[in-house]
2 protein chains.
Amino acid sequence: MSRTGLTQQERTERTRARLLDATIDCLVELGYARTSTNEICRRAGVSRGAQQHHFATKADLMAEAVEHLVSKLIATMSTGPRPTLTGAAGIGECIEMLWRAYSGSLSTAVMELLVAGRTDAELRGAMQPIDKALARRTTELFHEMLGDHLPANRPDLALWLTVNLIRGLAMEKMLGGDPARRKQLLEEWKTIAMRTYGPPEQGV
Amino acid sequence: MSRTGLTQQERTERTRARLLDATIDCLVELGYARTSTNEICRRAGVSRGAQQHHFATKADLMAEAVEHLVSKLIATMSTGPRPTLTGAAGIGECIEMLWRAYSGSLSTAVMELLVAGRTDAELRGAMQPIDKALARRTTELFHEMLGDHLPANRPDLALWLTVNLIRGLAMEKMLGGDPARRKQLLEEWKTIAMRTYGPPEQGV
DNA sequence: TCACAAACATTCCAGGCTGCCGGTAAGTTG
DNA sequence: CAACTTACCGGCAGCCTGGAATGTTTGTGA
């Protein structure tokens, strides 16, 4: 009855996944501006007709790619290594974790979409709820990780200061600056954060 | 002898300035992807032929626009209000100043170019030296402003932590998040920076 | 004033991208 | 197994973009 042995649903999911993955690849490698449906299809190994069957317009494809992308990001974040220490050291490990999550290639794609969304109302509309979901999940994870050892005062401020700093660093990375310099800045922030949000110490 | 009363050099400078300004406008309003030479000429009130006469290719135009842009940014930064206070309060004012400079519309254009440069070697090559100039000028200004009251330990780390944080916040702004929230984060950072880099205090 | 060069305007062309269409193959249902 | 639905294919048309070629106006120097 079937040559490929695949059910319709399987075929659909496979093709859609291929297209969405290829879209993310394009975002990372080519940037939003140079990402064309043609190139996406080429990389996905799918015909343009098939692409249009599953995603009527390019905007549709992008909108779903955003979801796909953030799910992947959340997944890698959730399953990655967790901080094992508590107190100030735990905060340091959290910052490392956020660094990995928010400066990797998936986050690069997110940044491409953020910038593109600034001047594209449709894309921005698609991104807003998904970005919120990412923020919520990050916050949850942060609370889970530190457990009872949450910084006493304004814990979420610590989190979002870190994330925004990292995004700034990721931006600078785009021009290809010195990685050691970024590492140095991150270490400085780690020190400050541990002192500011860590458990109270005796000396200054 | 002349109908317009303008010398050749004046005409050239005027047209070039119009084109470069229009380019920056496009970057801010349309983003890099949707910025076409056609639109630039339309906004500049200049024919496509004139544009091509002064900037042979789109890349040339962009390269010079980067310079133009950063000069303007440096100019506004240099002539803007300077911190009047010293010590910890002076640091707070510096952060405010950096906030204004690095989150305005000129910086939005810079960010568009940074992101575009990530996947466009030619553009990136044009940007690198100019970005360095911006960094150097910012550092100089920072030292001028605080004068003898520079944070004792690692003053430049304080500066670049601030700039990168602000760029992250600017990124978040693109999705249209809550301005009050950003203000809150900046205030938190101000507090931390004053405590960390300001003159030593007695209590914690 | 006249020849020349620079600035500017218009038009055209090749290429890419998107969206749509008619047709085919594969899977599903009665 | 036959009707039907869904997935997929390849080509076409319209649009826009960037770059080139050609013609016109404006300033300049002899």
Side-chain angles (χ1 to χ4, degrees), chain A residues 1-23 25-27 29-65 112 116 119-120 122-123 126, chain B residues 1-23 26-27 29-65 112 116 119-123 126:
Chain A
M1 51 193 70
S2 73
R3 289 189 203 173
T4 60
L6 292 178
T7 177
Q8 295 276 58
Q9 189 179 353
E10 285 168 339
R11 293 210 294 166
T12 294
E13 283 172 7
R14 202 172 59 120
T15 301
R16 289 174 61 96
R18 279 186 183 175
L19 282 167
L20 293 175
D21 284 334
T23 303
D25 280 358
C26 283
L27 285 175
E29 286 181 36
L30 307 175
Y32 184 84
R34 300 186 182 188
T35 292
S36 69
T37 55
N38 251 318
E39 180 64 16
I40 292 171
C41 292
R42 203 185 60 75
R43 295 189 180 216
V46 159
S47 74
R48 288 184 36 69
Q51 171 258 310
Q52 199 154 22
H53 176 70
H54 291 286
F55 307 96
T57 149
K58 185 183 181 182
D60 289 343
L61 179 55
M62 280 297 164
E64 295 218 30
E112 288 280 345
T119 51
D120 183 330
E122 187 174 2
L123 182 60
Chain B
M1 46 193 70
S2 72
R3 290 191 201 171
T4 60
L6 293 177
T7 178
Q8 294 277 58
Q9 188 180 353
E10 284 170 339
R11 292 210 299 166
T12 293
E13 283 173 7
R14 201 171 62 120
T15 301
R16 288 173 63 96
R18 280 186 183 175
L19 283 167
L20 293 175
D21 284 334
T23 303
C26 282
L27 285 175
E29 286 179 36
L30 307 175
Y32 184 83
R34 300 187 180 186
T35 292
S36 68
T37 55
N38 249 317
E39 180 64 17
I40 291 172
C41 291
R42 205 185 59 76
R43 295 191 182 217
V46 159
S47 73
R48 285 179 47 65
Q51 172 259 309
Q52 201 156 19
H53 176 71
H54 291 286
F55 307 96
T57 148
K58 186 183 181 181
D60 289 343
L61 180 53
M62 281 296 165
E64 294 219 29
E112 288 281 345
T119 52
D120 182 331
E122 186 174 3
L123 182 60

Just N and O in the side chain of His54(B): are any of them under 4.0 Å from OP1 or OP2 of dA6(C)? no
Taken to the nearest whole Å, CZ/Arg14(A) to C1'/dC8(D) is 12 Å
What integer distance in Å separates Arg34(A):CZ from dG15(C):P? 19 Å
From dT18(C), dG27(C), dG18(D), pick the nucleotide closest to the side chain of Thr37(A)? dT18(C)
Figure out the NZ/P separation between Lys58(A) and dC20(C), and round it to whole Å. 15 Å
Using whole Å, report how far CZ of Arg11(A) lies from C1' of dC9(D). 12 Å
Taking the side chain as everything from C-beta on, heavy atoms only, tell me whether Glu29(B) gets closer than 4.5 Å to Glu39(B). no
Rounded to whole angstroms, how far apart are CG on Leu61(B) and C1' on dG19(D)? 14 Å
Does dC8(D) have its OP1 or OP2 closer than 4.0 Å to a side-chain nitrogen or oxygen of His53(A)? no
note: Ile40(A), atom CD1; dC17(C), atom P; distance rounded to Å ~ 11 Å
With a 4.5 Å cut-off on side-chain heavy atoms, are Thr119(B) and Leu30(A) touching? no
Does a side-chain N or O of Thr12(B) approach OP1 or OP2 of dA6(C) to a distance below 4.0 Å, or not? no
Distance in angstrom units between Gln51(B) CD and dA6(C) P, rounded: 19 Å
N/O (side chain, Thr57(A)) to phosphate O (OP1/OP2, dT18(C)) under 4.0 Å: no
Using a heavy-atom cut-off of under 4.0 Å over every strand shown, decide if Asn38(B) touches base, sugar-phosphate, or nothing. sugar-phosphate
Write out a two-atom table: protein N or O, nucleotide N or O from nucleotides 9-13 of chain C, distance below 3.5 Å.
residue : atom : partner  : partner atom : Å
dA9(C)  : OP2  : Ser47(B) : N            : 3.1
dA9(C)  : OP2  : Ser47(B) : OG           : 3.0

Please give, in whole Å, the distance from dT17(D) C1' to Arg42(B) CZ? 15 Å
Looking at side-chain heavy atoms only, is the closest gap between Gln52(A) and Thr37(A) below 4.5 Å? no
Ion pair present between Arg16(A) and Glu13(A), side-chain N to carboxylate O less than 4.0 angstrom? no
So, do Tyr32(B) and Leu123(B) sit near enough that their side-chain heavy atoms are less than 4.5 Å apart? yes
How about Val46(B) and His54(B): do any of their side-chain heavy atoms sit closer than 4.5 Å? no
Could you check if a side-chain atom of Gln51(B) sits within less than 4.5 angstrom of a side-chain atom of Ile40(B), using non-hydrogen atoms only? no
